[in-house]
2 protein chains.
Amino acid sequence: MTSKLSTQHKILDAAQSLFAETGFNDTSLRQITSLAEVNLASVNYHFGSKKELIQAVLQRYLVVLMPRLDQEFTRLLASQQANNLSQVLSVFVKPLLELNKVHQNGTRIFLQLLGRGYTDVQGHLRWFFNHNYGRVLDKLVLLVQQACPDLPPGELFWRLHFSLGTVVFTMASNEALAEIAEADFNEKVDIEGVILRLLPYLSAAIAAPVSTVTPISHTAPLLAGEGR
Amino acid sequence: MTSKLSTQHKILDAAQSLFAETGFNDTSLRQITSLAEVNLASVNYHFGSKKELIQAVLQRYLVVLMPRLDQEFTRLLASQQANNLSQVLSVFVKPLLELNKVHQNGTRIFLQLLGRGYTDVQGHLRWFFNHNYGRVLDKLVLLVQQACPDLPPGELFWRLHFSLGTVVFTMASNEALAEIAEADFNEKVDIEGVILRLLPYLSAAIAAPVSTVTPISHTAPLLAGEGR
DNA sequence: TTCTGATTCAAACGTACATTTCAAACACCT
DNA sequence: AGGTGTTTGAAATGTACGTTTGAATCAGAA
């Protein structure tokens with residue numbers, strides 16, 4: 001079963017686990033190479049630097065996930081009928097779960113890494129992500145906008161980021177939560193279970209009625225475009 | 001105006017800003033003491049260690065917030081009529097905003113710190129938090145349970161943690177989000193604005209109908225257990 | 001085999017970190 | 001003023017980090 005893996009592969013496998021568990025900055029190359037059973041210098045030999053290793057770890061999943069999401073988004077945009085929010089969010093499920101083909105527990109690991117990327121590093125990974133895949137997410141914004149025509153663009157912006165936070169934080173602390181859930185409620189919940197629990201939560205949240213109690217002067221937003 | 005501050009106070013003020021901005025592990029005592037314009041050794045003299053400094057920074061807010069929340073929860077629990085979810089969540093607003101009395105931008109800083117505490121450190125801060133203030137949060141769980149009697153306890157557990165993720169992640173990246181929001185939508189949003197936007201989002205999310213959808217993965221084989 | 005480029009290895013480099021040390025400076029008492 | 005306990009200061013300690021180095025080892029072609 002355990003075929004002979006290249007050094008690069010062993011590094012990536014060890015790195016993703018440690019990165020997901022401990023975060024990027026709090027995982028040392030020595031931990032990684034020790035777990036991977038390779039020489040310390042091989043990381044810099046094969047990847048150049050720790051920063052590039054982090055990107056390589058993420059890219060392994062992103063190059064699979066993002067084209068897949070793009071394809072789903074494009075399909076939904078092409079269908080003339082308006083899609084409801086639940087349908088839009090549901091298209092995430094299959095592409096995300098297919099990351100388990102990239103690596104065992106790939107879905108969980110990727111989402112944890114995504115969470116780490118948003119909270120650990122200062123801007124750098126956020127830029128990398130938006131720069132490479134921003135156009136795909138623009139389609140998602142468009143779809144949600146169509147599904148929730150009554151939602152002002154500014155409100156939608158915030159709610160999408162709220163939702164990103166929900167997902168990312170949940171995955172970052174997924175292990176601890178799953179443990180508690182099993183201990184307290186006798187419910188064994190895997191990553192698919194969490195995703196399926198997230199869907200109705202996020203659907204209801206994003207489509208929630210807009211609050212009427214606003215202490216701030218309510219100026220009509222003119223500019224659209226999620227750019228940046 | 002700028003009265004003479006004690007060394008301890010200067011350290012706490014510098015530390016909370018840097019911790020909120022960069023995270024606990026990625027902020028060095030040298031940065032803190034440099035910003036506070038005190039000697040490096042004074043941190044260990046006054047607080048013992050970096051870990052204890054982190055706790056002291058958090059405690060300054062927790063000792064104000066948690067009794068305040070406890071009081072609100074108790075009040076709501078005492079009222080015989082059942083409270084709806086929106087009412088329950090609303091009790092967070094005032095206690096949170098009163099943290100601005102503890103320090104300028106105290107609400108934002110505290111929530112950012114809370115986010116850092118949940119994602120940065122390994123369990124340690126989570127334990128500290130649950131150990132000291134777990135009983136207060138139990139009352140919140142009870143209130144939400146009363147407001148959403150149809151929600152199974154297991155589902156409620158997950159949704160409360162989803163909500164924690166929403167808040168915590170939003171605050172961790174609050175500065176970046178607020179900047180984008182202002183640039184793209186011409187909306188100046190302060191911490192109060194974010195909190196008020198969160199309320200309807202979270203109310204709808206927690207009270208969302210429970211999904212009837214079952215996992216698409218085949219139920220027969222349990223290969224690739226997600227545990228560990 | 002011998003040559004050659006790619007990979008691995010042990011060791012070291014320079015930097016930054018939290019923490020400790022101990023003498024100097026300070027504040028507050030009588 | 002002198003004495004005492006508290007606080008600050010500059011410097012050093014030991015550890016860990018990412019990265020670099022140069023020799024040893026390997027794989028494949030001639």
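Just so you know, these numbers come straight off a predicted model, no measurement behind them.
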Query raised in the report: How is B:Ser42 classified with respect to the nucleic acid when contacts are heavy atoms under 4.0 Å: base, sugar-phosphate, or nothing?
Result: nothing
Query - Heavy-atom pair with the smallest gap, counting every atom of A:Leu97 and A:Thr107 - result: CA-OG1, 3.4 Å
Query - From B:Asp70, B:Leu77, B:Leu76, residue fulfilling side-chain contact (heavy atoms from CB on, under 4.5 Å) relative to B:Thr74 - result: B:Asp70
Report task. Could you state the atom-to-atom distance from CG of B:Asn25 to C1' of D:dC17 in whole Å? Result -> 14 Å
Show me the protein contacts with nucleotides 19-24 of chain D, counting only N or O atoms at under 3.5 Å.
from, atom 1, to, atom 2, distance (Å)
D:dT19, OP2, A:Asn44, OD1, 3.4
D:dT19, OP2, A:Lys50, N, 2.9

Query raised in the report: Donor-acceptor pair, A:Tyr118 side chain versus A:Phe169 backbone, under 3.5 Å?
Result: no
Requested in this report: Please state how far atom NE2 in A:His46 lies from atom C1' in D:dG18, giving the value in whole angstrom units.
Outcome: 17 Å
Query - Nucleotides bounding contact with chain A, strand DNA chain C, heavy-atom threshold 4.0 Å - result: C:dA6 to C:dA12
Query raised in the report: Does some side-chain heavy atom of B:Ile191 sit less than 4.5 Å from a side-chain heavy atom of B:Asn105?
Result: no
Query raised in the report: Do any N or O atoms from the side chain of A:Arg108 and from the backbone of A:Glu192 form a donor-acceptor pair under 3.5 angstrom?
Result: no
Query raised in the report: Under 3.5 Å, is there a donor-acceptor pair between the side chain of B:His161 and the main chain of B:Phe157?
Result: yes
Pairs under 3.5 angstrom only: tabulate donor-acceptor contacts from the side chains of residues 54-68 of chain A to other protein residues two or more places apart or in another chain.
from, atom 1, to, atom 2, distance (Å)
A:Gln55, NE2, A:His124, NE2, 3.1
A:Gln59, OE1, A:Tyr133, OH, 2.9
A:Arg60, NH1, A:Asp13, OD1, 3.2
A:Arg60, NH2, A:Asp13, OD1, 3.0
A:Arg60, NH2, A:Gln16, OE1, 3.2
A:Tyr61, OH, A:Gln16, OE1, 2.6
A:Arg68, NE, A:Glu98, OE1, 2.8
A:Arg68, NH1, A:Glu72, OE2, 2.9
A:Arg68, NH2, A:Glu98, OE2, 3.2

Query raised in the report: Is B:Thr33 touching bases, backbone alone, or none of the nucleic acid, heavy atoms closer than 4.0 Å?
Result: nothing
Query raised in the report: Within the side chain of A:Lys50, is there an N or O that forms a donor-acceptor pair under 3.5 Å with the backbone of A:Phe24?
Result: yes
